[in-house]
2 protein chains.
Amino acid sequence: MQRERDNMASSIAELIAERLDAMPAGERRAAQTLIANYPLIGLKTVADFSQQAGVSSPTILRFVARLGFHNYPEFQSALQDELAAQLQSPASRTLAPAASGGGKASPMLEATLDNLRETFRHVSDRQLTDIATKLSDRRGHMFLIGGRFTDPLARYMAAHMAIIRPNVFHLSGQESIWRDRLIDMGKHDVLLIFDIRRYQESLVRFAEKAHQRGVQIVLITDQWLSPIARFARHVIAGRTAMPSAWDSSASLFVIAETLIDAATRQLDTEGTRRIREMEELR
Amino acid sequence: MQRERDNMASSIAELIAERLDAMPAGERRAAQTLIANYPLIGLKTVADFSQQAGVSSPTILRFVARLGFHNYPEFQSALQDELAAQLQSPASRTLAPAASGGGKASPMLEATLDNLRETFRHVSDRQLTDIATKLSDRRGHMFLIGGRFTDPLARYMAAHMAIIRPNVFHLSGQESIWRDRLIDMGKHDVLLIFDIRRYQESLVRFAEKAHQRGVQIVLITDQWLSPIARFARHVIAGRTAMPSAWDSSASLFVIAETLIDAATRQLDTEGTRRIREMEELR
DNA sequence: GAGGCGCCGTATCATATGTTACGTATTTTG
DNA sequence: CAAAATACGTAACATATGATACGGCGCCTC
C-alpha cells in the first residue's frame, strides 16, 4: 500500500486543495464535486462519480491517478481509512480538517456562529410570530428598504415575500424616488427597514415620515439600535461585531430568512398556492 | 428501492440488534463484526467482509438478505445514506438538546448553524486565500452577478469590494444589458457568480461566454453545483438545505463576508487607505 | 495560420465482485 | 438413536466495474 506521494497533506481533501491549480478543467470539476460531497461520492462507483461530476469515467481515473493513487480501489481505501479515523474520535470532527494552520477553524466563522446564537437568544418566538403575522397581512402593502450595505438584504427578502403575497415593493434608487412613494402609504401598510451603523440620515427621515402617516414599521438593526427604533412598532437587534475591518450582517440575514419562513408558514395554503401558480407562469 | 422490511427500526444497526437472536451462528458472527466496525466494513466488498467475520461470502449475502435487502449493493446504499445523514448534520449526533431553559431553540437557527459548519468544513483556507488574491488583483476589473434569489448577495459583496478596490461592477437589470458588457471583459478580469438551484439558463450562457473570453470565473453555489462549475476557475459549495419551504442562502452570505474580509486583509494598507479616502469624500 | 501538444470522451477489454447451485456437515426432532 | 431439516462452505457462473487504447478536439506556440 505504498503511495508515491511523499506529501505533507494529512487528508485527501487537503491534498486536492494543493493540487487543484495544476489540474486540467475536467479533473478539477471532479475534484470540486468530490469536495462538495466529501467523501461519500468517492466511495461510490466510478460511473456514479463521473456522472455526478458531469465528466467521463476515464477523467475520474486520471484524477485519482494524479493524486498519487495507483488505482481506484486504493483511493477508496484511503477515503475509508480517513472516515474510520473520523468516526472513531468524535471529538476530532469539531475541529476537523479545513483549517490547515493552527488547527482552529476560521475565526470569521466562529464569530459568525457566536453572533447568530447571541442574536437569537434575545429574540423571542412571540416576537417573530407577531412580525410574521404582520408581514402576512395581505390587506395592506409591504415596503422594504435598507441602508448602504443592508439594502441587498431588503432585496433578498422582497424577492421571497413577493412570491408568497401580493403588493410587495422594494424601495430602491434615488432618495427622491422612494420619498415620493410615501404618498401611497397608510396605516394598513408595513415598512420593513434594515439599518445598521453608521445609520443614514436619509433613512431616519424617511422612517419618521412614514411613521407619521401611520405606517407600521419593522426595524432590523444592530445591537446599538438605529435611531429609527424610536418610530418602529417592532425592533429586532442582531449582533454584527466581527474580528474584521467590517461589521457582519449575517445575523440580520438569518433573521430575514427566519421571518420569510415564518410568514410562509402562516400564509400556508394560500402561500404555497401562489408559489405553484407562479412557477407555472415561468 | 422499496424494501420488504416494513420495520420501524430507523437505523440499520438497530435493525440488526432486533433480529440478532433469530439468526444462525454464522450470520450472527457477520452481524457482530458489522456492529464492531460499523459501518465501514459494510462498505467494503463481500469478500473483505466475509474474511473479517471469518465466514464465507454466501453467509454474508444470506445475512443482508435476512435484513430485508434484495442484494448487496442495495444494502451498501442504505449504509451510505445513513452515513451521509450523519455527516451532514454534526449537531444532530449530540442527542442532548438545548441545555438552557427547557425550550428548544429555533430549528431554523439550528439548521443554519449546521449548514455553516458543514460548509466551512469543505472549504480550505488555501482556497479562500487563492480566491481573495484573485479578487485583490487591482489590474483587472471585477464583475459580480447572481441569480433570482442570490443577486442581492452579489450586490452586498459588490458594495464592499467597491470600497477597497477600483473597477468593481455589479451586473444588474435586463439580461441584454449585462450581456453587452461582455465586450469589455478579458483574461485579466474576474467574474464572481452566485448561483443556486434552480440554476438559470441565462446565467449559464453568460458564464460560458465570459469563460470563452478568458475571464476567470469564481462560482459560489450550492452543494449540487451549478452547471457553471464547468467553466469556473474556483468553486465554493455552500449548504442550503433547510426545514422550510425555502432553501437558505445564509452559508453563501457568510462565504461572501469571509471573502470580503480576506480580500481586505490582502489589500491591507492600500485598502484601508481607500476606505479612509472614501469616508472623507462623503 | 500551420504544426505540435495536451486534454477528454467513446468504445473495448480484463477482471474483480456479487450471485447461485449443490453437496457436506451439523443440529434438531420424533 | 435415526431421520429430517437447516446451516454452511466450495466452486462455478454472470455481470457490474475498473482499466486501457485510440481518435478527435481545442489550445498554445512558433
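Worth saying up front: this structure is predicted, and the values here are computed from it rather than measured. Each chain gets a letter, A, B and so on, in the order the sequences are listed, and its residues count up from 1.
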> Using a cutoff of under 3.5 Å, can you pull out all pairs of nitrogen or oxygen atoms linking the protein to nucleotides 12-17 of chain C, with atom names and distances?
none

> To the nearest Å, how far apart are B/E27 CD and D/dC8 C1'?
10 Å

> Using whole Å, what does the distance between atom P of nucleotide C/dC7 and atom CZ of B/R230 come to?
17 Å

> Run the salt-bridge test on B/K134 and B/D137 with the 4.0 Å N-O cut-off and return the result as yes or no.
no

> Treating B/Q76 as the side-chain partner and B/L43 as the backbone partner, does any N or O pair qualify as donor plus acceptor under 3.5 Å?
yes

> Would you verify whether the NZ or CZ of B/R181 falls within 45 degrees of the ring axis of B/F143 while also being under 6.0 Å from that six-membered ring's centre?
no

> Where do B/T129 and B/Q266 come nearest, in terms of heavy atoms and distance?
O-NE2, 3.4 Å

> Please round to 10 degrees the angle between the axis of the first five pairs and the axis of the last five pairs in the helix from C/dG1-D/dC30 to C/dG30-D/dC1.
30°

> Taking the six-membered ring for Trp, are A/F149 and A/W246 parallel (under 30°), tilted (30 to 60°) or perpendicular (over 60°)?
perpendicular

> Check salt bridge (Lys or Arg N to Asp or Glu O under 4.0 Å) between A/R66 and all other residues, then give those that pass, not counting sequence neighbours.
A/E27

> Identify, residue by residue, the members of residues 54-64 of chain B with a heavy atom below 4.0 Å from DNA chain D, and return them in order of residue number, or none.
B/V55, B/S56, B/P58, B/T59, B/R62

> Report the distance from atom CZ of B/F49 to atom P of C/dT19, rounded to the nearest whole Å.
13 Å

> Name the orientation class of the two ring planes belonging to B/F75 and B/F63 (parallel below 30°, tilted from 30 to 60°, perpendicular beyond 60°).
perpendicular

> According to salt bridge (Lys or Arg N to Asp or Glu O under 4.0 Å), who are the partners of B/R179, at least two apart in sequence or on a separate chain?
B/E175

> B/E74 CD to D/dA16 C1': how many Å, rounded?
16 Å

> Run the salt bridge (Lys or Arg N to Asp or Glu O under 4.0 Å) test against B/R233 and tell me which residues pass, sequence neighbours left out.
A/D21

> Round to a whole Å and report the spacing from CZ of B/R29 to P of D/dA7.
17 Å

> Between B/T240 and B/D222, is any side-chain donor less than 3.5 angstrom from a side-chain acceptor?
no

> Taking NE2 from A/H70 and P from D/dG18, how many angstroms apart are they, rounded to a whole number?
18 Å

> Measure NZ/B/K44 against C1'/C/dG18 and give the value in whole Å, please.
17 Å

> Between B/R121 and B/E118, is the closest basic N to carboxylate O distance under 4.0 Å?
yes

> B/F69 has an atom CZ; how far is it from atom C1' of C/dT19, in whole Å?
18 Å

